[in-house]
Protein chains: 2
Amino acid sequence: MRLTTKGRYAVTAMLDLAIHAGKGPVSLADISERQGISLSYLEQLFAKLRRNELVRSVRGPGGGYQLNREQQDIDVAQVIDAVNESVDATGCGHTGNCQDGNVCLTHHLWCDLSSQIHAFLSQISLADLMERNDVRSVAERQGRGHIASFEDSLISAKVTA
Amino acid sequence: MRLTTKGRYAVTAMLDLAIHAGKGPVSLADISERQGISLSYLEQLFAKLRRNELVRSVRGPGGGYQLNREQQDIDVAQVIDAVNESVDATGCGHTGNCQDGNVCLTHHLWCDLSSQIHAFLSQISLADLMERNDVRSVAERQGRGHIASFEDSLISAKVTA
DNA sequence: GTATAGTTGACTGTTTTAGTCGGTTTAATA
DNA sequence: TATTAAACCGACTAAAACAGTCAACTATAC
Ligand code: FES
Ligand code: FES
């Protein structure tokens, strides 16, 4: 089992998509700028998200990505699974054979842990996340941040000119 | 956050130590044979477990390792932390600065998940594990397995001879 | 037709995993 | 006292995953 920036990026990007839904498709360039994630890396992640039918794409100018289901029908576990291939803590993939064909001493412990993690993550939908105060305030800051960095670029343009 | 064979090996080895306590120190060679873990790898893991004062060692012939505390005072989270350096799911180490100094969109989600996992793993002690039926039956099999594999080696010795 | 944005595949440096190998102490025992 | 069983220690390795880059291609709105 592993949970690294790959899974975190995917959930963050999906949440960004949910927040900016309703105004047409969201481009990866926008997400990249707002969330500070490499555009090329996002492309890789969204290829997997699309294969798992969590998002749909619109090509061409003004295009981008949209959620392929309602916000309350996409949970965090699905997103992580899509890019990470499962949040399984066992060494055997639940087959119970990591001790040369037999169940190892701690197999059931890891099964229980996996269930706990999956239960927790699959109970939280994108809609749930959007209602949280901390998410709202960060989204608010990122909105301001976008304008601020635009002004910054004008200032730095003057300085360098 | 990552949970791989390293952490699983550590917990399995500690549980083996608990099961075979009372009959003097347990050598890594014994654990290696019973649990199918590389001896040299076990040495690395036990160096960390000893540094974290979860086990104590006895050198020389007849030596080995012993638990450094009571079985009910060692929990799974401590063992994993000792070899793995924390089961933290955040990207910022709880400092809240992975978005160039600010909290990222999903920071609180990962904090919550980390709490969940830590609460679950720190509530389970080695003593708890030993009472479980599945652990008892696997330990029983491994006792028999040792004799069986000894017979197997005699048979294969005849075959190859 | 041009600019935008998704799509694809190959490539890269770095870190971690899961070990291996060779040697050194330490201590029990024959 | 010599042998030997064990912990200890450091360096090394192949393979995988991570995080990201780059270049080329396709679809489409204007
Ligand atoms: S983790 Fe399932 S058998 Fe070992
Ligand atoms: S995970 Fe803590 S700030 Fe992003």
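Please read all numbers here as calculations on a predicted model, not as lab measurements. Atoms considered below: every heavy atom in the structure, side chains included; atoms not considered: hydrogens, waters and symmetry mates. In what follows, chains are A, B, ... by sequence order, proteins preceding strands, each numbered from 1.
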Please confirm whether the shortest side-chain N or O distance from A:Ser27 to OP1 or OP2 of C:dG6 is below 4.0 Å. no
Which residues satisfy the salt bridge (Lys or Arg N to Asp or Glu O under 4.0 Å) test with A:Asp128, sequence neighbours excluded? none
Enumerate the residues from residues 3-13 of chain B whose closest heavy atom to DNA chain C is under 4.0 Å, giving them by residue number; use none for an empty result. B:Thr4, B:Thr5, B:Lys6, B:Tyr9
Give me the residues of residues 39-55 of chain B where at least one heavy atom lies under 4.0 Å from an atom of DNA chain C, by number, or none. B:Ser40, B:Tyr41, B:Gln44
Can you name the salt bridge (Lys or Arg N to Asp or Glu O under 4.0 Å) partners of B:Asp73, sequence neighbours left out? none
Using 30° and 60° as the class limits, which term best fits the ring planes of B:His107 and B:His94: parallel, tilted or perpendicular? perpendicular
Comparing A:Arg2 and A:Gly62 on DNA chain D - which has the more 5′ nearest nucleotide: A:Arg2
Can B:Asp30 and B:Lys23 be counted as an ion pair, charged N to O under 4.0 angstrom? no
Holding to side-chain contact (heavy atoms from CB on, under 4.5 Å), I want the full list of residues that pass it with A:Gln44, two or more places apart in sequence or in another chain. A:Tyr41
For residues A:Lys48 and A:Leu45, determine if any side-chain heavy atom of one lies less than 4.5 Å from a side-chain heavy atom of the other. no
Any donor-acceptor pair under 3.5 Å linking the side-chain atoms of B:Ser122 with those of B:Asp75? no
Would you mind telling me which residue lines up with the more 5' stretch of DNA chain C, B:Gly60 or A:Ala29, judged by nearest nucleotide? A:Ala29
Rounded to the Å, how far apart are B:Ile80 CD1 and C:dT17 P? 13 Å
By nearest-nucleotide position on DNA chain D, the 5'-leaning member of A:Ser38 and A:Pro61 is A:Ser38
Can you find a heavy atom in the side chain of B:Val87 that is under 4.5 Å from one in the side chain of B:Leu3? no
For atom CG of A:Asp30 and atom C1' of C:dT4, their distance in whole Å: 12 Å
Compile the donor-acceptor pairs under 3.5 Å between side chains in residues 99-106 of chain B and protein atoms, sequence neighbours left out, one pair per line.
from	atom 1	to	atom 2	distance (Å)
B:Gln99	NE2	A:Arg34	O	2.9
B:Thr106	OG1	A:Thr12	OG1	2.9
B:Thr106	OG1	B:Trp110	NE1	3.0

Given the structure, check if the side chain of B:Arg59 and the base of C:dT25 hold any donor-acceptor pair shorter than 3.5 Å. yes
Take the protein atom CG of B:Leu28 and the nucleotide atom P of C:dT26, then report the distance between them rounded to whole Å. 18 Å
Taking only the side-chain nitrogens and oxygens of A:Ser57, find out if one of them lies under 4.0 Å from OP1 or OP2 of C:dT7. yes
Between C:dG6 (P) and A:Ile31 (CD1): distance, integer Å: 8 Å
To the nearest angstrom, the CG-P distance between A:Asn68 and C:dG6 comes to 15 Å
